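Everything below concerns the one structure shown next.
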Amino acid sequence: MEIIKIFDTTLRDGEQSPGASMNIEEKIKIALQLERLGVDIIEAGFAASSPGDFEAISQIAQRVTKSSICSLARAVPRDIEAAAKALAPAVLKRIHTFIATSPIHMEFKLKMKPQEVISRAVEAVKLARSFVDDVEFSCEDACRSDISFLKEIIDAVMEAGASTLNLPDTVGYRLPHEIGNMIATLSQHINNRAILSVHCHNDLGLATANSVFGILNGARQVECTINGLGERAGNTALEEVVMILKTRKDIFPHMDTRIKTQEIYMASKLVADITGICPQPNKAIVGKNAFAHESGIHQDGMLKHPETYEIMNPNDIGIPQGNGLVLGKHSGRAAFKDKIISLGFNVNDDELQNAFERFKELCDSKKEVFDDDIRAILGEETTHIPQIFALHSLQVQTCYGGHYCCAISIFKDDVKYSDSALGNGAVDSIFKAIDRISGFASVLKDYKVEAVSSGKDALAKVVVRVEFEEGKPALVGHGVDNDTMTSTAKAYLSALNSYLSMKGLIADKSGTMI
């Protein structure tokens, strides 16, 4: 059996999605889930891009032991040195360095001659190799590069010590057969001297297809993200490539990954919850309609035999069959613990107790409690973001002139503070009241509300993106409650707490991408 390595870049390329900024604790949560998923290499960030990225990589390197931890680095000494320092605690570590190789990039972006690019690449790989045994080199914009130049530069970096050669379709331009031809040519050229990797963007909707054609023609590593998150239209979706290899054994009889597919759904939900970017309903594998059957003909076929219209079993990716009523108000702590373990959560005693209390409160106000309700509760209770501000009570009502008035009480350091504010709408009044108490002003960039599960009494989940400093990344906040306005207040406070915990660690990204 030939293993296709899965290189996950959700925490690096995925975070470059507009609005997908994550704090350190959120990155650690995702990294630990990626480790449970069985990812071979986790690209944890770009160490030289910001103090926050450096710290996140360092902390992930201390916590994750089964997956290799990787940092991206431009082909410049300070980037490589920063990557090495951040990765120092890791059991398994990789430095991923890159430089552009297409004529348009070399002329207009780098303003360098081809031989200068080769020299810079060789120096970078040698320096990286002096820090770690595992060095990956990427030819940025490889798919618009001259094939003879690609052969020349990969020969040089292999000689310098690179053991993985990545060939990105940086702008998502190529068609599957073109990717296949390029990989086949270079695979024959390197003759097993290194591992060939593909990193495909989805600008034309072809990222997964291009990655699969890469595998068919000799690539043995795929760079991808959970839910296809990433720059512009996104990257190759991890779940799609993995399930293609698993489902189409007639085409890939001797190929497999180390991915534990039952962890896919949990990983998808976690990334969606943290970033606030949910997969479209008809998204392959993890979309909420991926295993739904509404047509009468399809339903009839499913009742007679599931394989008439399902080529995969929902259980294969960790979706429990039925997703029906799970626990009730008379359920005990032990049963609740068993349930959350079965859903893939690993919590400490304090988190378990807090979640159990929230569950009991929910049972009193909600007729049916579903698995997704419990996931939402656990998501709130396991954020690990310091709760500098916490909601005590909230009241919103219409006032004169069509305005809304919010009266709110908030805890800070166990002291309760209360204030009120008028707003042009209910949400506006909540934000203004919180700003008056906290002393922080903000700009709301995005606001989304959705039902966690089904029924009129479904929990309302609110996701906000809030900018606290002009020019700095907007931060995501989450809130879950039966009442939408209470969820809104919780979501805003979540973003505020995240901002305060990250303050001083946020810096602009370098803007470089592969």
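Given the structure is predicted, the values throughout are model-derived calculations rather than measurements.
The 12-atom threshold is exceeded at CZ of R36, counting heavy atoms of other residues, nucleotides or ligands nearer than 6.0 Å. Counting non-hydrogen atoms of neighbouring residues, nucleotides and ligands closer than 6.0 angstrom, the NZ atom of K416 reaches no more than 12 such neighbours. Atom OH of Y447 has more than 12 neighbouring heavy atoms from other residues, nucleotides or ligands inside a 6.0 Å radius. At most 12 non-hydrogen atoms from other residues, nucleotides or ligands lie less than 6.0 angstrom from NZ of K66. For R63, the CZ atom counts as loosely surrounded, since its 6.0 Å shell holds 12 or fewer non-hydrogen atoms of other residues, nucleotides or ligands. Atom CZ of F389 has more than 12 neighbouring heavy atoms from other residues, nucleotides or ligands inside a 6.0 Å radius.
Ion pairing of K27 with E55 is absent here, as no side-chain N (NZ or NE/NH1/NH2) approaches a carboxylate O to less than 4.0 Å. The pair D53-R12 does not meet the salt-bridge criterion, since no charged nitrogen lies less than 4.0 angstrom from a carboxylate oxygen. A salt bridge links R436 with D419: the closest approach of a Lys/Arg side-chain nitrogen to an acidic carboxylate oxygen falls below 4.0 angstrom. Between R94 and E136 there is a salt bridge, since a side-chain N of the basic residue sits under 4.0 Å from a carboxylate O of the acidic one. K432 and D435 are not joined by a salt bridge, as no carboxylate oxygen comes within less than 4.0 angstrom of a charged side-chain nitrogen. Salt bridge K93/D134: absent, no basic N to carboxylate O contact under 4.0 Å.
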Working for salt bridge (charged side-chain N to carboxylate O under 4.0 Å, His left out), residues K5 and E223: CA-CA 9 Å; K5 290 188 176 183; E223 304 201 357; over 6 Å; no

Residue pair E240, K283: steps toward the salt bridge (charged side-chain N to carboxylate O under 4.0 Å, His left out) verdict: CA-CA 10 Å; E240 293 175 10; K283 164 75 172 67; 2.7 Å; yes

Trace of the side chain to side chain donor-acceptor pair (under 3.5 Å) decision for T170 with H201: CA-CA 6 Å; T170 301; H201 282 263; 6.0 Å; no

Residue pair H96, E43: steps toward the side-chain contact (heavy atoms from CB on, under 4.5 Å) verdict: CA-CA 9 Å; H96 178 192; E43 190 165 53; 2.8 Å; yes

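Side chains of Q353 and R333: a donor on one and an acceptor on the other come within 3.5 Å. Under 3.5 Å, the side chains of Y417 and S438 contain no donor-acceptor pair of N or O atoms.
Between F356 and F336, the ring planes are tilted. Angles from 30° to 60° get that label. Below 30°, between 30° and 60°, or above 60°: for Y499 and F440 the angle between ring planes is above 60°, a perpendicular geometry.
Note that CG of L422 is 10.0 Å distant from SG of C406, once rounded to the nearest 0.5 Å.
Pairing each heavy atom of S429 with each of G423, the nearest pair is CB-N, 3.7 Å.
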